[in-house]
2 protein chains.
Amino acid sequence: MLTERQRLILNAIVDDYIRSAEPVGSRSISKRGDVGFSPATIRNEMADLEELGFLEQPHTSAGRIPSHKGYRYYVDHLDPTYQNFSAELRTLRAFFAEKLNATEQVIQHAAMILSNITNYTSILLGPEVFHTSLRHFQLLSLNETTAVAIIVTSTGQVESKTVSVPPGVSVSEMEKVVNLLNSKLVNVPLYKLKTRLYRELGQEMQRHLTNFEEIMSILDNIFVEEESDQRVYLSGATNMLTQPEFKDVEKVKDILDLLEETPTLTKMMASMQGAAGVQVRIGTENDHEAFANCSLITATYSLDGEALGTIGILGPTRMEYAKVMSLLGILSKDLTAMLSKLNK
Amino acid sequence: MLTERQRLILNAIVDDYIRSAEPVGSRSISKRGDVGFSPATIRNEMADLEELGFLEQPHTSAGRIPSHKGYRYYVDHLDPTYQNFSAELRTLRAFFAEKLNATEQVIQHAAMILSNITNYTSILLGPEVFHTSLRHFQLLSLNETTAVAIIVTSTGQVESKTVSVPPGVSVSEMEKVVNLLNSKLVNVPLYKLKTRLYRELGQEMQRHLTNFEEIMSILDNIFVEEESDQRVYLSGATNMLTQPEFKDVEKVKDILDLLEETPTLTKMMASMQGAAGVQVRIGTENDHEAFANCSLITATYSLDGEALGTIGILGPTRMEYAKVMSLLGILSKDLTAMLSKLNK
DNA sequence: CGTTAGCACTCGACTCTAACGAGTGCTAAC
DNA sequence: GTTAGCACTCGTTAGAGTCGAGTGCTAACG
């Protein structure tokens with residue numbers, strides 16, 4: 001579709017613009033050395049590239065900047081050879097090797113490291129509770145009317161929920177139920193818990209219990225909410241403020257607002273979890289208007305072939321794709337490998 | 001120290017400036033109606049107030065703005081009669097009445113409501129784990145080498161931690177230990193756990209166990225980290241961006257950076273937890289430079305006379321003190337009352 | 001003597017204009 | 001096909017002028 005020379009020039013422009021955040025002129029491309037043509041020739045090609053939709057011109061007498069289509073082409077034809085950032089990687093690898101568990105603090109800390117070494121915003125989607133299975137279920141009474149339910153998953157994640165026990169139900173009765181549940185529901189995937197609860201335990205429990213209805217509704221309450229919460233962790237949101245394209249408060253406001261909206265963020269990250277390898281969403285490819293000038297790069301790590309979580313880096317559309325993509329690529333593979341070693 | 005008229009004028013200036021974010025002139029004060037003097041008279045008083053350090057002049061031909069000292073005086077002499085924002089309060093009260101527990105989601109949601117109704121940034125310091133006592137302690141093995149430790153406090157908070165079990169230690173042995181611990185340590189305040197562990201259980205456990213040293217170091221590891229984590233929850237950080245004084249990215253950057261630094265934030269909030277009633281830190285009274293142009297208003301809620309957590313609202317020094325102070329005042333009392341009712 | 005009207009003065013904000021220069025598109029020559 | 005040359009565009013910057021909100025001071029008023 002593009003000639004070799006066009007490809008070369010487009011590449012040079014994107015590279016330059018990523019560094020400088022300013023429209024790139026023909027002269028500066030010519031002087032770079034890797035495109036051995038005069039400014040005039042380059043200007044001609046640039047005009048063509050603009051007509052083809054790969055470049056844009058902020059105004060008549062300015063240089064060119066890449067369009068979304070230009071970035072997309074750049075990314076799709078990026079040389080996938082990993083750069084070496086051995087220093088940063090060493091930090092990260094050491095960190096994960098030492099404490100590979102899904103405690104909140106650990107994930108939060110990992111997010112911080114990531115945003116620090118990239119200078120972008122990092123978004124981590126934690127291991128999905130939904131698809132892990134039950135390791136242990138327990139109910140502890142706190143006082144007459146409240147109890148705390150604890151669910152431990154096979155991956156060691158602990159979820160808890162405070163529930164109020166109606167006056168008619170006794171704690172000892174609840175405990176009877178829970179003991180029954182524990183033996184019957186261990187190793188059932190969480191997303192099947194509710195249906196299992198109804199189908200298999202319905203009759204049996206009805207025989208044992210006096211306040212079947214009430215207890216059932218309490219349990220229902222405990223399990224129903226647990227389904228959807230894959231949690232996101234965010235770090236370096238303020239790095240957005242250092243980008244020159246966002247020096248205007250108006251423009252960052254919407255982005256930061258969206259970053260605060262965890263449910264939306266979770267959904268967005270989860271939607272990228274399908275495909276393998278490193279995913280890139282450029283500008284309007286993100287289906288939120290606030291991210292129209294941002295790019296999101298993600299990679300998914302998995303255990304036994306099943307996606308567990310996603311690592312993401314958010315930056316301006318003018319972001320260092322090569323660096324971030326290879327970083328996330330390496331990292332997700334590292335994580336996957338470590339997890340499988342750890343769980344074998 | 002100040003004459004009645006000076007007080008009146010200072011008050012009017014602060015009020016006006018809080019609304020408009022622009023230097024207040026003598027004419028506009030005169031026209032407000034509540035200060036029945038001509039601009040000239042007011043100008044004279046303003047000059048005096050400036051000399052006394054209550055007002056500042058951005059430049060010679062501009063109106064006056066309150067200095068930190070001016071805000072401080074304003075706040076200290078604020079009429080403490082509660083305003084009524086029955087609508088907002090109804091939302092909040094309903095919310096807390098329905099789900100008064102310390103689950104993360106609940107606190108996070110509460111923070112969101114607070115930032116929404118104030119249009120400032122809300123900072124909540126969750127119930128302090130440190131001073132609650134142990135309700136239940138449990139260890140669950142996940143596989144050969146890892147186990148998850150679960151600590152439930154008397155307030156229903158659940159803390160968990162993944163630990164790796166060295167090859168020499170068997171899970172059954174660990175469970176023996178934990179059973180012993182559970183019966184002996186229930187109701188011990190968390191901050192005493194470590195010493196109790198050493199003093200009372202040392203000898204007894206040594207008799208029961210083969211790998212005393214290793215097990216001890218694992219337990220040590222579990223309890224030591226639990227001490228300090230009182231958690232902060234943040235919402236509406238982006239509200240800072242809507243304040244006209246922060247329309248310049250440079251100025252907000254440091255503030256938002258500090259807000260991302262949870263440990264610092266925790267410390268800051270914890271340091272305000274001592275005193276009773278509503279606390280106000282104006283500008284440089286906050287001992288972080290980034291908050292030099294911000295004010296932090298906090299109130300602490302407690303149970304049985306002991307401070308449990310703190311609610312805070314952060315805004316520009318030019319913030320609606322009256323509104324926020326009374327809101328937090330009411331809220332902290334509400335919470336304290338509800339908590340004591342709930343735990344009796 | 002406290003208060004106020006009047007007035008000259010200050011100074012940031014805004015507008016307008018001119019000069020500048022980076023960069024283009026086109027044409028003609030190599 | 002490539003490049004040198006050149007007229008042209010247009011955003012950016014700097015300087016000059018104007019405006020007006022607001023002040024400080026002085027003198028008059030009750």
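Everything numeric here is computed off the predicted structure, so don't read it as measured data. Proteins get letters first, then strands, A, B, ... in listed order; numbering begins at 1 in each.
- Nucleotide D:dA21 holds its C1' atom 14 Å from the CD1 atom of B:I29, rounded to whole Å.
- The aromatic rings of B:Y321 and B:Y71 sit tilted, their planes meeting at an angle between 30° and 60°.
- Under a 4.0 Å N-O distance rule, the pair B:K253/B:D257 qualifies as a salt bridge.
- What separates CD1 of B:I13 from C1' of D:dG22 is a distance of 13 Å, to the nearest Å.
- Of all nucleotides present, only C:dC16 satisfies the Watson-Crick or G-U wobble test against D:dG15, with each distance under 3.5 Å.
- Distances shorter than 4.0 Å separate none of the side-chain N or O atoms of B:T60 from OP1 or OP2 on C:dC9.
- In this structure the side chain of B:M268 never reaches within 4.5 angstrom of the side chain of B:V232, judged on heavy atoms.
- Checking C:dC30 for Watson-Crick or G-U wobble geometry (two distances, each under 3.5 Å) identifies D:dG1 as its partner.
- As rounded to whole Å, 16 Å separates atom P of D:dA21 from atom CE of B:M46.
- At a cut-off of 3.5 angstrom, the base of D:dT9 holds at least one donor-acceptor pair with the side chain of A:S61.
- Per the geometry, CG belonging to B:N44 stands 9 Å off P belonging to D:dG24, to the nearest Å.
- The only member of B:R32, B:K31, B:R318, B:R27 that meets salt bridge (charged side-chain N to carboxylate O under 4.0 Å, His left out) when paired with B:D16 is B:R32.
- Residue B:I42 contributes atom CD1, which lies 14 Å from atom C1' of C:dG2 at whole-angstrom precision.
- Of the two residues near DNA chain C, A:A47 and B:P58, the one whose nearest nucleotide lies more 5' is B:P58.
- Between C:dT3, D:dC10, C:dC11, one nucleotide has an atom nearer to the side chain of B:F37 than all others, and that is C:dT3.
- Judged by distance alone, with hydrogens and angles left aside, A:R43 brings a side-chain donor or acceptor within reach of the base of D:dG5, the pair sitting under 3.5 Å.
- In this entry the distance linking CG of A:D48 with C1' of C:dT24 reads 14 Å, nearest Å.
- For A:R27, no side-chain nitrogen or oxygen approaches OP1 or OP2 of D:dT3 to under 4.0 Å.
- Distance CD (B:E22) to P (D:dA21): 12 Å, rounded to an integer number of Å.
- Atoms NE2 (A:H59) and P (D:dT12) sit 7 Å apart, rounded to a whole Å.
- Distances shorter than 4.0 Å separate none of the side-chain N or O atoms of B:R64 from OP1 or OP2 on D:dG22.
- Figure legend: cation-pi geometry between B:R281 and B:F291 absent, as NZ or CZ is not positioned both under 6.0 Å from the six-membered ring centre and within 45° of its axis.
- With both pairing distances under 3.5 Å, D:dA7 is matched to C:dT24 as a Watson-Crick or G-U wobble pair.
- Heavy atoms of A:A40 sit under 4.0 angstrom from at least one base atom.
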